Amino acid sequence: MTDPVDERATVPVWHGLVRLSHWLVAAIVLFNLFNESGPVHRYAGYLAFGVVFARLVHGLTRPANDVAHIGLPLWLDLRQHLSELRHGRVHRTLGHNPAGLCMALVLWQLVLLLGLTGWMSQLDQFWGEEW
């Protein structure tokens, strides 16, 4: 007797825009890690900022039942998920679980802050120098 195929494994969970934004930001961050100066580094950082911003706008405008929807995880949901992790009985969901959503929100904030501080570094008022 063979095991039935899990149909959920063959259905793509994330939209194309979500996948594209994920891999594009990952590639830009990796590129900028090794290309530390110059206009290409700066514009790539601005592009990463724009991609994350577009992903946030896309996620905030999606319906609440869509996996690409971005909302703040409820404290009770996060506590329940962490309790389930401790006891080894986590309910599977499509999309991010509450802990994964918190992680994604922190990473997006860090990329946005990198773009903001990179832009600020070009201003004489903050850290920039003409020379």
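Quick caveat: nothing in here was measured; it's all calculated off a predicted structure. Sequence positions, counted from 1, serve as the residue numbers for this chain.
- With rounding to the nearest 0.5 angstrom, the OG atom of S121 is 11.0 Å from the CG atom of L114.
- Minimum heavy-atom separation, G45 to I28: N-CG2, 4.5 Å.
- To the nearest 0.5 angstrom, L17 atom CG is 12.0 Å from R19 atom CZ.
- By the rule that hydrophobic residues join a cluster once side-chain heavy atoms approach within less than 4.5 Å of another member, L56 and V51 end up as members of one cluster.
- S83 OG to L78 CG: the interatomic distance, rounded to the nearest 0.5 Å, is 11.0 Å.
- When hydrophobic clusters are built by joining Ile, Leu, Val, Met, Phe, Trp and Tyr residues whose side-chain heavy atoms come closer than 4.5 Å, directly or via intermediates, L112 is not grouped with L107.
- Nearest heavy-atom pair across G115 and Y46 is O-CE2, 4.4 Å.
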Could you go step by step and tell me if N32 and H41 meet the side chain to side chain donor-acceptor pair (under 3.5 Å) rule? CA-CA 6 Å; N32 270 353; H41 175 91; 3.2 Å; yes

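- Here the straight-line distance linking atom CZ of R42 with atom CG of L47 works out to 14.0 Å at 0.5 Å rounding.
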Assess the residue pair V52 and Q109 against the criterion (side-chain contact (heavy atoms from CB on, under 4.5 Å)); give the C-alpha distance rounded to whole Å, side-chain angles, the decisive distance to 0.1 Å, and a yes or no. CA-CA 9 Å; V52 169; Q109 288 175 4; over 6 Å; no

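- The same ILVMFWY cluster, assembled from side-chain heavy atoms under 4.5 Å apart, contains both V90 and W75.
- Ring geometry, F53 versus F49: the interplanar angle falls under 30°, so the pair is classed parallel (tilted spans 30 to 60°).
- From I70, atom CD1 reaches atom CG of L105 across 7.0 Å, with rounding to the nearest 0.5 Å.
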Please walk me through it: do H15 and D66 pass side-chain contact (heavy atoms from CB on, under 4.5 Å)? CA-CA 10 Å; H15 300 126; D66 190 349; 3.0 Å; yes

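- For the side chain to side chain contact (heavy atoms under 4.5 Å, CB included) test with P98, the passing option among R79, Q80, M103, H81 is H81; the others fail.
- Grouping the Ile, Leu, Val, Met, Phe, Trp and Tyr side chains by contacts below 4.5 angstrom, directly or via other members, places L116 with Y43.
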